[in-house]
Amino acid sequence: VQLQASGGGLVQEGGSLRLSCVASGLIFSVNHMAWYREAPGKSRDLVARIRSSGDTAYADEVQGRFTISRDNAKNTIYLQMNSLKPEDAGIYYCAAGLGSYYWGHGTQVTVSS
């Protein structure tokens, strides 16, 4: 299983970024997918997840600002991040799985104030 995340970068506070994650080596449509964030000195925490059914859930601090979506035809999930805050910064990891997760390499998000 390979998960390739991209789309990170440097953005000013209040700006937007769109992360993408392309998955291979698994039956994408049946897998739950998620985005996690790891900030310096902190644990890797769930940001958003999307089930195979399309059902979504978000961490409280990103609710209303971030949107997770999936395109099963492209084996890809997205994370649209709006109204970014400095505390949103970190390495964002894509995860896939049904029980335990497979992990991809992360993409760095930096938010300047």
Side-chain angles (χ1 to χ4, degrees):
V1 176
Q2 290 191 329
L3 302 171
Q4 183 64 52
S6 62
L10 172 64
V11 64
Q12 286 190 330
E13 185 175 5
S16 298
L17 282 174
R18 188 194 195 203
L19 306 183
S20 300
C21 174
V22 181
S24 60
L26 74 170
I27 303 175
F28 181 82
S29 62
V30 304
N31 274 267
H32 306 317
M33 304 292 296
W35 287 99
Y36 281 72
R37 177 179 62 231
E38 188 171 319
K42 297 187 177 182
S43 60
R44 188 176 298 185
D45 295 327
L46 177 69
V47 174
R49 66 110 174 102
I50 183 166
R51 292 191 171 132
S52 57
S53 63
D55 177 55
T56 59
Y58 299 89
D60 289 343
E61 61 267 28
V62 307
Q63 183 77 44
R65 298 187 296 121
F66 290 11
T67 302
I68 188 171
S69 60
R70 64 190 297 158
D71 185 338
N72 290 343
K74 295 182 178 180
N75 283 11
T76 301
I77 63 166
Y78 305 95
L79 185 68
Q80 178 67 44
M81 306 187 294
N82 298 327
S83 303
L84 281 160
K85 305 175 181 181
E87 53 264 41
D88 295 322
I91 301 175
Y92 282 71
Y93 294 91
C94 173
L98 292 173
S100 58
Y101 274 143
Y102 295 100
W103 295 94
H105 294 292
T107 184
Q108 177 76 50
V109 172
T110 305
V111 183
S112 63
S113 57

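Residue indices begin at 1 and follow the sequence shown.
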Discussion item. Does Leu98, at its CG atom, have more than 12 non-hydrogen atoms belonging to other residues, nucleotides or ligands within less than 6.0 Å?
Written reply: yes

Worksheet item: Between OH of Tyr101 and SG of Cys94, what distance do you get to the nearest 0.5 Å?
Response: 9.5 Å

Worksheet item: What residues, two or more places apart in sequence or in another chain, satisfy side-chain contact (heavy atoms from CB on, under 4.5 Å) together with Asp45?
Response: Ser43

Discussion item. Starting from Leu19, can I reach Leu46 by hopping between I/L/V/M/F/W/Y residues whose side chains sit under 4.5 Å apart?
Written reply: no

Fill in: CA sep, side-chain torsions, deciding dist, call: Phe28, Ile77, side-chain contact (heavy atoms from CB on, under 4.5 Å)
CA-CA 10 Å; Phe28 181 82; Ile77 63 166; 3.7 Å; yes

Discussion item. Nearest 0.5 Å, please: how far is CD in Glu61 from CD in Glu87?
Written reply: 9.0 Å

Discussion item. The criterion is salt bridge (Lys or Arg N to Asp or Glu O under 4.0 Å); which residues satisfy it with Asp60, sequence neighbours excluded?
Written reply: none

Report all side-chain donor-acceptor pairs from residues 47-57 shorter than 3.5 Å, counting only partners two or more places apart or in another chain.
| from | atom 1 | to | atom 2 | distance (Å) |
| --- | --- | --- | --- | --- |
| Arg49 | NH1 | Asp55 | O | 3.3 |
| Arg49 | NH1 | Asp55 | OD2 | 3.3 |
| Arg51 | NH1 | Asp55 | OD2 | 3.1 |
| Ser53 | OG | Asp55 | N | 3.3 |

Worksheet item: Is there any side-chain hydrogen bond (donor to acceptor under 3.5 Å, both in side chains) pair reaching into residues 26-39, and which pairs are they, with sequence neighbours excluded?
Response: Arg37-Tyr92, Glu38-Arg44

Worksheet item: Are Trp103 and Val1 side-chain neighbours, meaning at least one heavy-atom pair lies under 4.5 Å?
Response: no

Give the table of side-chain donor-acceptor pairs shorter than 3.5 Å for residues 104-113, with sequence neighbours excluded, one pair per line with atom names and distance.
| from | atom 1 | to | atom 2 | distance (Å) |
| --- | --- | --- | --- | --- |
| Thr107 | OG1 | Gly8 | N | 3.0 |
| Gln108 | NE2 | Gly90 | O | 3.4 |

Fill in: Same cluster (ILVMFWY, side-chain, under 4.5 Å), Val11 and Ile91
no

Worksheet entry | Note, Leu3 side chain near Met33 side chain (heavy atom, < 4.5 Å) | yes

Discussion item. Distance to the ring centre below 6.0 angstrom and angle to the axis at most 45 degrees; does that hold for Arg65 and Tyr58?
Written reply: no

Worksheet item: Rounded to the nearest 0.5 Å, how far does CG of Asn75 lie from CD of Gln2?
Response: 12.5 Å

Worksheet item: What about Tyr78 and Leu26, same hydrophobic cluster or not, with Ile/Leu/Val/Met/Phe/Trp/Tyr joined at side-chain heavy-atom distances under 4.5 Å?
Response: no

Fill in: Test side-chain contact (heavy atoms from CB on, under 4.5 Å) applied to Ser16 - qualifying residues, sequence neighbours left out
Gln80, Asn82

Worksheet item: Any chain of hydrophobic side-chain contacts (each under 4.5 Å) joining Leu17 to Val62?
Response: yes

